[in-house]
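Data block below; observations after.
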Amino acid sequence: MHSIEPTSWSPDSWKRLLAAQQTVYPDRDVVASAVAKLSSLPPLVTSWEIERLKSLVADAQRGERFVLQGGDCAEAIADCTPDAITSRLKILLQMSMVLVHASKKPVVRVGRFAGQYAKPRSSSTETRTVNGQSVTLPSYYGDLVNRAEFTEESRRPDPYRMVEGYQHAAMTLNFIRSLLEGGFADLHHPEYWDLGFMRHAALPEDLRAEYQRMTDRLADGLRFMEAIGERRVDELSRMEFFTSHEGLNLLYESAQTRRVPRRAGHYNLTTHLPWIGERTRAADGAHIEYFRGIRNPVGIKVGAGIAPEELLRLLDTLNPSNEAGKIILIARMGAKKISGALPGLVEVVQRAGKIVLWMCDPMHGNGVTTAGGIKTRLFEDVLREIETSWDIHHALGSRLGGVHIELTGDDVTECLGGASGVTEQDLTRNYSSACDPRLNYDQSMELAFSIARRMAKGSAAPAE
Ligand code: PEP
Ligand code: CO
């Protein structure tokens, strides 16, 4: 049992330390009342779901599962609609099916949703030219803090947006739970979650045919197992979904951090898997203080600049008992830097005997800005970072256990390239992300097929 509460920790002990990326609200009383409201609401997830995910992550750490984590960069409250929610579920389901088929391993599906409303920013202000005048306003920090629209009114932080965000996360999750309960993700009926795109997408014909074959084979396999009376078929065909978001806004996270009956320790009950961002993982900062006390599995974004000893210190603080299933390291180094940065980190973790799951976020180290000032990413770089990560782990006898992707099931034009050939001219056509550029439906499926091919080659499970 890991029942020991860390010394001198409480859900609010982070307040003694410097917290990066936190909002300065003008009125403390309003903040206190919003936080009190937030704390009084029922939780979004339960401790047994969180422990279940931890056990699945532990399986993945042993190479028995693969983790697919994906969704918007910045989830928008306005996107809490049936269409947007089903479209996100569908793309993750379809990608996971491609991966399951190739790897013959179960895939753990984790959405960047139902609370991915807080964004770290590199600059606290943003300057734009409005009616020929240069205007500077506070940056957009996600719907949990302010609004994306470029007006003074919208950019003013409002503590009650935390309550509003929480309520929308609850509605999102409620709808997801009902869909799953109602058989939306039942593999016997892949037609429920087939996207219209499949028929007219620019996805190359061979990929589309391969995908169709997989879908058919899976459904056939399940029907056959049922016919011969396999009892576990229900468990096999019902899919589980977990939620995740960056645990950035510590007021929001700590307001729903509690003890639960019959279990030791505190749980963050806003999400199954909170992660620590690249900009807020200072070893002596408030975020690490908060995260060291919760029982949830925890993701840590790891950029190319982290020193090996810094990483070890984080692991010692966040997982002193080296509990399996607890730590996911999400490397986000960039296709150019990964070869220089990742091997040393993998080795140091191996030498220290730390149990972690290595995932690859091929998005956040690959940002580029076009001559016209649009933030984008090259699909080619995304693929290359995953490939390189795969090679590095394989060469070191380690394992790439999952991917973390910013994506959408919609036909957006935010990242360049891929089989459907999004060009720089296309970027303005349907660029709807309020923050970082996401892969669109075609690019996401193409990515899944590319990972699947690599898995099928068998290098997913190097010698132990
Ligand atoms: C993100 O995941 O949207 C993000 C901001 O990532 P990172 O902390 O890795 O920059
Ligand atoms: Co992002």
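When a ligand or atom number is given, it counts from 1 through the structure's own listing order.
The shortest N/O to N/O separation between D361 and ligand 1 does not fall below 3.5 Å. Of the N or O atoms in R112, one or more lie within a sub-3.5 Å distance of an N or O in ligand 1. By the 3.5 Å distance cut-off applied to N or O atoms, Q116 is not counted among the residues near ligand 1.
Protein heavy atom nearest atom 4 (C) of ligand 1, with residue, atom name and distance: H364 NE2, 3.4 Å. Atom 9 (O) of ligand 1 has its closest protein heavy atom at R332 NE, 2.7 Å. Considering only non-hydrogen protein atoms, atom 6 (O) of ligand 1 sits nearest to K301 NZ, 2.8 Å.
For K119, the heavy-atom gap to ligand 1 drops under 4.0 angstrom.
Angle OE2(E406) to the Co ion (ligand 2) to OD2(D436): 140° [nearest 10 degrees].
Look at C435 and the Co ion (ligand 2): no N/O/S atom of the residue is under 2.8 Å from the metal.
Using cut-offs of 30° and 60° for the angle between ring planes, the H364 and H404 rings count as perpendicular.
Counting only N and O atoms by type, the side chains of S96 and R109 include a donor and acceptor under 3.5 Å apart. For the 3.5 Å distance criterion, the side chains of S13 and E289 qualify, holding a donor opposite an acceptor.
The option with the heavy atom closest to atom 8 (O) of ligand 1, from among M363, H245, E278, R281, is E278. Considering C435, A118, P120, G365 only, the shortest heavy-atom separation from atom 5 (C) of ligand 1 involves P120.
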